[in-house]
Amino acid sequence: MLNRLILLFILSISNTVWGVNSIAIIDDSHDVSNISQTGSYFIDKNKALSLDDISSDEYAKQFRPINSDYFQLGMVEGNVWIRTDVAIRTIDNTPVLLEINSPRLQYLDIYLPTLHKGQVQVEIGGARPYNNRQVKSPHYIFSIPANPPPVFTLYLKLSSHLPINADIELKTLSRISQDTQQELTITGILIGILFTLFVCNIFFYIKTSHPMYLIYSFLLVGIVILHLSIHDQVAQFFPNQSNIQERLYNLSSLACLCAIVFFSRLYLNTKAHLPNIDKILIAVGSINGIFAIIFSLTPNVLNIKVLSLIVMSTLILLTIHAIIAFLKNIPFSGYYLAARLTLLTGHFLWILSVYSIIPSVVLFEWGLTITIILEAMIHFSGMIVQTSPLIQKNTLKSQYNQTEVMDFLSDISNRLRRQINILGGGLSHLEQVTTSKEVKPFITSSQTANNNLKNIIERIDLLSDIKDNTPPEQPYPQPLNQLIDRIYNNLQRLDQDNTLIELNTHNTDHVEVLQNATILQHLIESLVQEFKHFTDQTLTLDISRHESNRDGITQLEISCGPIPSRIQASSSFDLGMHYILLLIRYLDGEMKTLESERCINIKLPISVHIRPTNNDLAQQQHFNIILFGQPDEDLQKALSILQSHSNRIEHVSTLENLLEHLELPEKRKSGSIILVFDNGGHIPHVTQQRLMPLMRIEDQCLLISNNVKMSLDYTRKLGFDGLLTCAELDSQLEQQLSKLIQKGDRLKNTSLSRINPLRKTP
């Protein structure tokens with residue numbers, strides 16, 4: 001039984017092999033026929049046989065079926081004969097053409113012995129002028145004569161000292177037009193990408209004058225010429241010249257390689273980082289340039305394998321160079337290594353397809369160009385990173401270590417401190433003796449500038465202490481709310497731009513910070529100073545404390561937003577974002593940037609002690625809650641929510657009654673939280689304009705509106721302290737009241753005015 005199954009399997013295989021169609025058929029339902037699937041081939045190693053010899057019975061039996069989708073033989077010495085039978089059975093006599101896509105083929109002869117006996121029909125190929133082609137096209141196209149016999153034989157003779165890779169098909173005229181259009185579209189897309197990169201590099205070269213961009217621009221031009229030569233789309237411009245395709249391919253491939261070598265020197269600055277390898281690169285680049293000229297002038301003198309060997313050796317050397325640079329942590333070596341590995345892998349696979357080790361028409365036609373484009377995109381990404389500023393020229397040339405930089409900063413701090421003290425003393429004296437109102441604003445702004453210089457010195461000193469692991473000592477606990485108030489006062493003292501800042505706290509009462517209070521204060525002050533807006537946009541800083549664990553460690557969450565668009569992660573040593581990140585790391589915290597909300601969220605573990613008191617109720621009772629608006633469903637909902645509050649709650653329905661209630665603010669014993677409902681036909685900004693003269697420093701005004709298009713920024717421009725939609729009453733009203741009461745207490749207890757004392761009125 002087993003023997004029978006084996007015999008049946010062998011018969012099935014043989015039937016499949018011998019059952020392959022041996023006739024190329026074009027009819028009304030088939031507009032293309034692959035000769036590689038129907039034809040057979042024979043290799044005449046001595047190049048001595050004619051068509052009569054090949055078609056004789058002696059040699060006809062020696063033809064072997066191709067039986068593949070793509071005809072690839074690699075390097076072949078001699079003539080390659082291909083034979084196939086053709087049957088054209090179209091009803092409307094559609095023109096049928098033979099298309100041979102083999103750009104690097106040197107000689108191609110086509111015979112139709114059934115129609116024209118032993119006479120050659122056409123002699124074309126890369127070693128012959130472009131004008132020999134019957135149809136002017138990048139591919140070799142031969143038109144089958146009209147009204148052929150039902151079945152006729154077609155012979156092709158191929159010869160080349162280059163690897164033979166041919167896609168041979170019979171097609172109708174319409175099918176050839178479609179395939180040509182598709183190929184030109186893909187070529188256009190690839191060249192468009194390269195052209196975009198070329199324009200960007202020319203722009204960078206004009207802006208920076210760095211030769212790296214100019215060399216890379218030449219490289220992109222060479223890649224375009226290389227792609228066009230691989231697809232034989234350049235020979236049409238030299239119709240009477242021979243071997244144009246091969247000459248341009250040799251020149252462009254080695255010239256591109258030469259450009260890559262010299263580009264690599266500038267990209268990684270090997271002259272400064274790897275001087276020995278830099279000399280090797282100069283020699284290798286020069287050798288590639290010399291061979292580019294030799295191979296383009298005399299393409300038949302040297303074997304094509306020499307060119308392939310030069311290319312692969314150079315790519316391997318550049319890959320080794322990339323690995324060494326990456327191991328030595330040379331700037332931007334990661335991008336370079338990724339590009340080198342991409343090109344080495346892609347070119348290696350393409351070479352395997354050229355020499356028929358991997359038979360793939362797609363890899364042969366498009367593999368090299370796509371690989372080079374991917375490599376170019378990786379290089380371009382790294383070059384964009386290097387473009388700040390002037391390709392990081394100053395950064396790359398810096399040879400100072402971190403210790404020397406810190407010593408330098410400490411020296412600057414010491415030299416500036418005495419001069420700033422002198423300026424501060426002089427400004428204080430001028431402020432006391434000056435009576436002119438015109439001069440006082442200049443003195444005030446000068447004192448603010450002097451305070452900012454002091455703050456910069458404090459940052460430098462704190463930076464040095466952290467680097468030396470000697471942070472400022474904290475002899476006693478500091479209440480967190482007092483720390484926040486001190487931050488608030490310092491920001492007023494340092495503000496030069498009339499910055500709009502809203503500072504909110506949550507769960508910070510009765511909390512004492514046991515250590516690192518000074519660093520925490522510097523961190524929050526630096527956040528506000530770095531992220532403040534130079535417009536009327538408000539920067540909101542929310543400080544929240546989460547519950548403590550058994551060891552007294554609590555998590556302090558700081559949210560700051562919206563941050564200005566100019567803020568970016570710092571990759572250099574500075575007193576901005578780098579300083580902030582250093583303080584966060586020292587406190588063992590973490591920072592996340594929420595791009596969608598333009599907000600930065602910081603979480604810090606801090607050691608605290610909770611000191612409970614019994615004055616929470618009294619603190620809240622310092623404020624009366626006044627609801628202003630006509631009775632409706634939303635106002636009733638707010639009244640029901642506030643029933644459990646111990647504050648005094650009043651409802652006023654007319655503006656005149658509200659103004660009477662707020663008269664003589666200096667005689668009122670309690671502050672007021674005014675909830676303005678936009679439901680009574682009154683205009684909110686007019687209402688706020690009438691209320692402002694009667695409001696105390698701690699009074700807060702919250703607008704509650706059904707207008708979903710109303711924004712918080714616009715509401716604050718009108719003078720309100722916050723905005724709440726009617727849909728948010730259930731979930732946000734109590735939280736908003738708590739924030740406003742805390743803000744009012746902070747404004748009441750401080751000796752300074754609000755951060756934004758001058759509200760804009762429409």
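Quick caveat: nothing in here was measured; it's all calculated off a predicted structure. Heavy-atom basis, side chains included; hydrogens, waters and symmetry copies ignored.
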Margin query: Let's go through D278 and K271 carefully: what are the C-alpha distance in whole Å and the side-chain angles of both, what is the deciding distance for salt bridge (Lys or Arg N to Asp or Glu O under 4.0 Å) to 0.1 Å, and is it a yes or a no?
Written below: CA-CA 6 Å; D278 183 70; K271 185 176 181 181; over 6 Å; no

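- No donor-acceptor pair closer than 3.5 Å links the side chain of T270 to the backbone N or O of L266.
- Between Y41 and F71, the ring-plane angle classifies as perpendicular under the 30° and 60° cut-offs.
- Side chain of S68 to backbone of Y70: a donor-acceptor contact under 3.5 angstrom is found.
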Item checked: Verdict with supporting geometry, N601 and S559, side-chain hydrogen bond (donor to acceptor under 3.5 Å, both in side chains) -> CA-CA 5 Å; N601 182 267; S559 295; 3.0 Å; yes

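- Residues L162 and Q106 form a side-chain contact, since some pair of their non-hydrogen atoms from C-beta on lies under 4.5 Å apart.
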Item checked: Criterion salt bridge (Lys or Arg N to Asp or Glu O under 4.0 Å) on E590 and K603, from CA distance to verdict -> CA-CA 6 Å; E590 60 179 12; K603 295 182 179 179; 5.1 Å; no

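- Applying the salt bridge (charged side-chain N to carboxylate O under 4.0 Å, His left out) test to residues at least two apart or on different chains, the pairs with a partner in residues 225-237 are R133-D232.
- No donor-acceptor pair closer than 3.5 Å links the side chain of Q241 to the backbone N or O of P129.
- No side-chain donor from either of S296 and N250 sits under 3.5 Å from a side-chain acceptor of the other.
- Side-chain atoms of N79 and K45, non-hydrogen and from C-beta on, never get closer than 4.5 Å to each other.
- With hydrogens and angles disregarded, a donor-acceptor distance shorter than 3.5 Å links the side chain of N132 to the backbone of E123.
- N288 and T314 share a donor-acceptor pair across their side chains, judged by distance under 3.5 Å alone.
- Geometric assessment of R340 against the ring of Y336 yields a positive cation-pi assignment under the 6.0 Å and 45° thresholds.
- Separation of atoms SG (C560) and CD1 (I600) is listed at 7.0 Å; rounding is to 0.5 Å.
- In this structure, Y267 and F263 have tilted ring planes: the angle between them lies in the 30° to 60° band.
- Under the 3.5 Å distance criterion, the side-chain polar atoms of H321 are left unmatched by any main-chain donor or acceptor of L317.
- Within the structure, salt bridge (charged side-chain N to carboxylate O under 4.0 Å, His left out) pairs that include any residue of residues 236-249 do not occur (at least two apart or interchain).
- Under the ring pair (Phe, Tyr, Trp, His ring centres under 6.0 Å) rule, H231 has a single partner from F364, W366, Y249, which is W366.
- A side-chain donor from one of S308 and Y355 sits under 3.5 Å from a side-chain acceptor of the other.
- With no hydrogens or angles considered, a side-chain donor-acceptor pair links D69 and Q37 at under 3.5 Å.
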